[in-house]
Amino acid sequence: MSTKGHNMAAKKVSRSAVRRAIDAELAGPEIPELSAELARILGRYRPDGVDEHTWNAVRPHHADVMTRSGFRGEATFTKHLGVVASFLVWRHQRLQDLGPGAAFTYPSIDAYCLHGMDGLDERTRNDYRSRLLGLAPKANPDLVSPASFETAGYQHI
């Protein structure tokens with residue numbers, strides 16, 4: 001069989017291209033910048049009912065997650081401020097890691113939804129869970145998706 005006209009050799013990559021790819025991998029994902037208005041809102045935000053000591057411990061992690069969120073709209077950003085704050089405050093009160101790699105995992109979010117939202121109605125709990133799950137891949141770029149299971153389907157007897 002003739003290979004005439006077919007390029008069977010692999011494409012050669014330049015050293016500078018390899019170096020750029022390695023540098024990009026080592027630098028990690030690019031964190032989006034907040035608009036001036038969202039940065040102002042974030043800077044002035046303080047959740048109700050949270051003491052100063054707790055908020056001082058949680059605030060840097062809260063700001064990091066909200067910056068990583070990539071939200072551009074003021075309404076969406078504002079709605080997530082309280083959800084993220086309550087989640088991180090709950091973790092802080094239990095002496096759990098607040099870093100996005102530890103906090104924003106599916107099991108951590110599920111634990112918060114099961115045990116951290118006592119007294120909230122089911123609709124609010126579902127809303128918080130949905131917001132946190134949507135934010136998790138943005139906050140934690142190393143997040144591993146939960147395993148999905150395939151059923152055998154209908155088995156005719």
key: side chain to side chain contact (heavy atoms under 4.5 Å, CB included) assessment of Arg59 paired with Tyr45   = CA-CA 9 Å; Arg59 182 186 321 187; Tyr45 179 75; over 6 Å; no
ask   = So Leu98 and His92, side chain to side chain contact (heavy atoms under 4.5 Å, CB included) or not? Walk me through it.
value = CA-CA 7 Å; Leu98 301 180; His92 175 73; 4.1 Å; yes
request  = Any chance you could lay out the side chain to side chain contact (heavy atoms under 4.5 Å, CB included) test for Tyr128 and Ser86, step after step, and finish with the verdict?
outcome  = CA-CA 10 Å; Tyr128 274 41; Ser86 64; 3.5 Å; yes
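Applying the side-chain hydrogen bond (donor to acceptor under 3.5 Å, both in side chains) rule to Ser130 yields no partners; only residues at least two apart in sequence or on another chain are considered. Listed by chain and number, the residues in a salt bridge (Lys or Arg N to Asp or Glu O under 4.0 Å) with Glu37 are Arg40 (sequence neighbours excluded). Shown here are the side chain to side chain contact (heavy atoms under 4.5 Å, CB included) partners of Asp48, two or more places apart in sequence or in another chain: there are none. By the side chain to side chain contact (heavy atoms under 4.5 Å, CB included) test, Val50 is found to be paired with Pro47, Thr54, Trp55, Val89, residues two or more places apart in sequence or in another chain being considered. Phe87 meets the ring-ring contact (aromatic ring centres under 6.0 Å, His included) test with Phe104, Tyr112; sequence neighbours excluded. By the salt bridge (Lys or Arg N to Asp or Glu O under 4.0 Å) test, Asp127 pairs with Arg131, sequence neighbours left out.
Among all heavy-atom pairs drawn from Ser108 and Ala103, the shortest one is CB-O, 3.1 Å. In plain terms, the two heavy atoms of His61 and Ala57 that are nearest each other are CD2-O, 3.4 Å. The shortest non-hydrogen separation linking Leu34 to Met66 is CD2-O, 3.9 Å. Looking at every heavy atom in both residues, Arg68 comes nearest to Pro100 through NE-CG, 4.3 Å. For the pair Gly73 and Leu38, the tightest heavy-atom approach, listed with the atom from each and the gap, is O-CD2, 4.3 Å. Minimum heavy-atom separation, Gly101 to Asn140: O-ND2, 3.4 Å.
Within the structure, salt bridge (charged side-chain N to carboxylate O under 4.0 Å, His left out) pairs that include any residue of residues 109-124 comprise Asp110-Arg129 (at least two apart or interchain). Note on residues 81-97: no pairs pass salt bridge (charged side-chain N to carboxylate O under 4.0 Å, His left out), not counting sequence neighbours.
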All N/O donor-acceptor pairs, side-chain side in residues 74-82, below 3.5 Å, sequence neighbours left out:
| unit_1 | atom_1 | unit_2 | atom_2 | d |
| --- | --- | --- | --- | --- |
| Thr78 | OG1 | Glu74 | O | 2.7 |
| His80 | ND1 | Thr76 | O | 2.9 |

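Leu114 and Leu88 are members of different hydrophobic clusters when ILVMFWY side chains are connected at heavy-atom separations under 4.5 Å.
Rounding to the nearest 0.5 Å places NE2 of His62 at 9.5 Å from OG1 of Thr67.
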